[in-house]
Amino acid sequence: MAVSLLDRSRTIAGPGYNRWLIPPAALAIHLAIGQAYAFSVFKKPMGALISGNVDAPAATDWTPAQLGVVFSIAIVLLGLSAAVFGKWLERVGPRKAMLASALCFSGGFFIGALGVHLHNLWLVYFGYGFVGGIGLGIGYISPVSTLIKWFPDRPGVATGMAIMGFGGGAMIGSPLAVALMDHYKVSAPMGVAPTFLTMGLIYLVFMLFGVFTIRVPAEGWKPAGYVPAPASNSMITTHNVDADTAIKTPQFWLLWVVLCMNVTAGIGVLETASPLIQETFSDKSMGAGLGVTAAAAAGFVGLLSLFNLLGRFFWSSASDKMGRKPTYMIYFGLGILLYALVPTLAANASLALFVVVCCVILSMYGGGFATIPAYLRDLFGTMQVGAIHGRLLTAWSTAGVLGPLIVNYLHESQKAKGLTGAAAYQTVFYTMAGLLVIGFIANLLVTAVNSRYHVQEAATPKVAA
């Protein structure tokens, strides 16, 4: 009986089902797995498990570089698992996929807790990084295709609602982790291991809500009064392309470049935001007592997270009106100007403008994630959009490795030349602007998918909501 509840047939909604009950189920998954963006709060405590002092770690403590690998593994596995399990998701339905995500994501915390307790970094890599990363990938794509099927009239709004949750997961996960570590630190080194266990249990319960409330529409279901996009709009197809065929089209690889460039450039801001604002707007440049403190920099990073979250919903919703291709033209065209402007604002100590520009940049970074599933739906149809989306997320895995490598290499090379403050970051931002030029060109080249790639389908009856 328990297994049958997971079957796709048991998730088909009956007549009159309210489609607005689906977004909360999707958010339950994405708000949980979005905790991955808050992993940095564990780095200092996990680096002081032996010494017990975050400012004076022992020689046997884990280094920041070693701990940074945990997050990198998780992001790489996010993209790889999304690509590998995308077609399986389309076959078995979202409920089984979301359950698999919940078990892997929470299981990653449990295995990671054992690794912390035994002070075995490889167990942490395997748990939070590998197993948890698989949960990230399956969970990221599992609600998206379902939402698109429920909201064919507003695919941008639909995907924005879910992926907004991923951007906001860190806003819940970060203070939760800090509070739990503070509570448990009297009974365990830095309170990390029991915090992992507690968060794993909390997220498991939270994600199970999404598992058992998700529904898929009946075959041929359409919203009442829904009129498909006119045939004259060649960028929105009424046909379908399967996942295996989609990767043979130039459109797929152009969008792969689009996503990779947008994410790589966004990571450029995320990687440098806190040190850049502190080093540039210091007491020396602003005047005694006027510089940006570490606490203020943390607030700035929090503000960027907020705009990352809001941009996912705002820009993806706007794309329903403007079209996906014009929206990405804004991301890249405006982004090129803003990235090139950041070093000038930093050099001239224009703090308020600097903050505003970085917030706009991060809103478009988040918007790029939320708009891409609707872009895929427009070009390839709804039949296997989840699987196609999963394969495209390998661009995120690539950017997750490429971005930090570029940023750290360029910044360190500039410091080696004796440059400091804003000057040490100029090359970083100009390079990121150059990457956006590549993304702009790739998006410009996107056209409608040739009809020879379309799946030949029998007509299906339309059922009014």
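One-based numbering along the sequence shown. All of these numbers come straight from a predicted model, not from anything done at the bench.
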Between [atom1] on residue [X] and [atom2] on residue [Y], distance to nearest 0.5 Å:
{"X": "Cys104", "Y": "Phe85", "atom1": "SG", "atom2": "CZ", "value": "7.5 Å"}
{"X": "Leu136", "Y": "His30", "atom1": "CG", "atom2": "NE2", "value": "10.0 Å"}
{"X": "Leu337", "Y": "Ile361", "atom1": "CG", "atom2": "CD1", "value": "10.5 Å"}
{"X": "Ser451", "Y": "His239", "atom1": "OG", "atom2": "NE2", "value": "8.0 Å"}
{"X": "Leu201", "Y": "Met199", "atom1": "CG", "atom2": "CE", "value": "11.5 Å"}
{"X": "Trp396", "Y": "Leu80", "atom1": "CH2", "atom2": "CG", "value": "13.0 Å"}

### Task
Test side-chain contact (heavy atoms from CB on, under 4.5 Å) on Val241 and Leu379 and set out the steps.
CA-CA 8 Å; Val241 180; Leu379 292 172; over 6 Å; no

### Message
Pair Tyr328, Ser319 - check side-chain contact (heavy atoms from CB on, under 4.5 Å), show working.
### Response
CA-CA 9 Å; Tyr328 271 94; Ser319 75; over 6 Å; no

Under 3.5 Å donor-acceptor, [X] side chain and [Y] backbone:
{"X": "Thr198", "Y": "Thr195", "value": "no"}
{"X": "Arg215", "Y": "Ala13", "value": "no"}
{"X": "Glu90", "Y": "Gly386", "value": "yes"}
{"X": "Thr371", "Y": "Gly368", "value": "no"}
{"X": "Ser101", "Y": "Ala97", "value": "no"}
{"X": "Tyr331", "Y": "Gly367", "value": "yes"}
{"X": "Trp253", "Y": "Ile247", "value": "yes"}

### Task
Could you check Phe151 against Trp20 for ring-ring contact (aromatic ring centres under 6.0 Å, His included), going step by step and ending with a plain yes or no?
CA-CA 9 Å; Phe151 293 86; Trp20 290 99; 4.9 Å; yes

### Message
For Leu204 and Leu103: C-alpha separation, side-chain torsions, deciding distance, then whether side-chain contact (heavy atoms from CB on, under 4.5 Å) applies.
### Response
CA-CA 7 Å; Leu204 177 60; Leu103 294 176; 4.3 Å; yes

Is the shortest side-chain heavy-atom distance between [X] and [Y] below 4.5 Å?
{"X": "Asp242", "Y": "Lys87", "answer": "no"}
{"X": "Val144", "Y": "Ile148", "answer": "yes"}
{"X": "Leu121", "Y": "Leu67", "answer": "yes"}
{"X": "Phe252", "Y": "Phe380", "answer": "yes"}
{"X": "Val360", "Y": "Leu338", "answer": "yes"}
{"X": "Leu78", "Y": "Leu393", "answer": "yes"}
{"X": "Val407", "Y": "Glu412", "answer": "no"}
{"X": "Met432", "Y": "Ile406", "answer": "yes"}

## Note on the structure
Checking Phe109, Phe71, Phe42 against Tyr128 for ring-ring contact (aromatic ring centres under 6.0 Å, His included), the one that qualifies is Phe109

### Trp221 and Tyr17 aromatic centres sub-6.0 Å
no

### Query
Is the distance between the ring centroids of Phe196 and Phe110 less than 6.0 Å?
no

### Query
Among all residues two or more places apart in sequence or in another chain, which pass the side-chain hydrogen bond (donor to acceptor under 3.5 Å, both in side chains) test with Tyr365?
Tyr37

Shortest non-hydrogen separation from [X] to [Y] and the atoms involved:
{"X": "Leu89", "Y": "Pro94", "value": "CD1-CA, 3.9 Å"}
{"X": "Phe209", "Y": "Ala28", "value": "CD2-CB, 3.8 Å"}
{"X": "Ala38", "Y": "Ser174", "value": "CB-N, 3.7 Å"}
{"X": "Gly139", "Y": "Ile29", "value": "O-CG2, 3.5 Å"}
{"X": "Met161", "Y": "Pro23", "value": "CE-CG, 3.7 Å"}
{"X": "Leu376", "Y": "Leu392", "value": "CD1-CD2, 4.0 Å"}

### Query
What residues, two or more places apart in sequence or in another chain, satisfy side chain to side chain contact (heavy atoms under 4.5 Å, CB included) together with Leu436?
Ala265, Phe332, Ile336, Tyr339

### Task
For Thr447, enumerate each residue passing the side chain to side chain contact (heavy atoms under 4.5 Å, CB included) test, keeping only those at least two apart in sequence or located in another chain.
Gln251

### Task
For ring-ring contact (aromatic ring centres under 6.0 Å, His included), just list the numbers for Tyr125 and Phe130, CA-CA rounded to whole Å, side-chain angles, deciding distance to a tenth of an Å, and then say yes or no.
CA-CA 6 Å; Tyr125 287 160; Phe130 187 86; over 10 Å; no

### Query
If you look only at pairs with a residue in residues 427-449, which of them pass as a ring pair (Phe, Tyr, Trp, His ring centres under 6.0 Å), with sequence neighbours excluded?
none

### Salt bridge present between Asp320 and Arg324 (N-O < 4.0 angstrom)
yes

### Query
Tell me, which pairs form a side-chain hydrogen bond (donor to acceptor under 3.5 Å, both in side chains) where one or both residues lie in residues 146-173, sequence neighbours left out?
Arg19-Asp153

### Message
With side-chain hydrogen bond (donor to acceptor under 3.5 Å, both in side chains) as the criterion, how do Asn240 and Tyr453 come out once you've worked through the C-alpha distance, each side chain's angles and the decisive distance to 0.1 Å?
### Response
CA-CA 8 Å; Asn240 289 298; Tyr453 296 111; over 6 Å; no

### Message
Does Thr327 form a side-chain hydrogen bond (donor to acceptor under 3.5 Å, both in side chains) with Trp315? I'd like the steps, not just the answer.
### Response
CA-CA 8 Å; Thr327 301; Trp315 288 109; over 6 Å; no

### Message
Would you call the rings of His411 and Tyr425 parallel, tilted or perpendicular, taking 30° and 60° as the class edges?
### Response
parallel

### Message
Testing the 3.5 Å rule here: is there a donor-acceptor pair between the side chains of Tyr140 and Ser81?
### Response
no

### Message
Please enumerate all residues that pass ring-ring contact (aromatic ring centres under 6.0 Å, His included) together with Phe206, with sequence neighbours excluded.
### Response
none

### Message
The test is side-chain contact (heavy atoms from CB on, under 4.5 Å); show your working for Leu444 and Met329 and say whether it passes.
### Response
CA-CA 8 Å; Leu444 191 65; Met329 288 300 187; 3.1 Å; yes

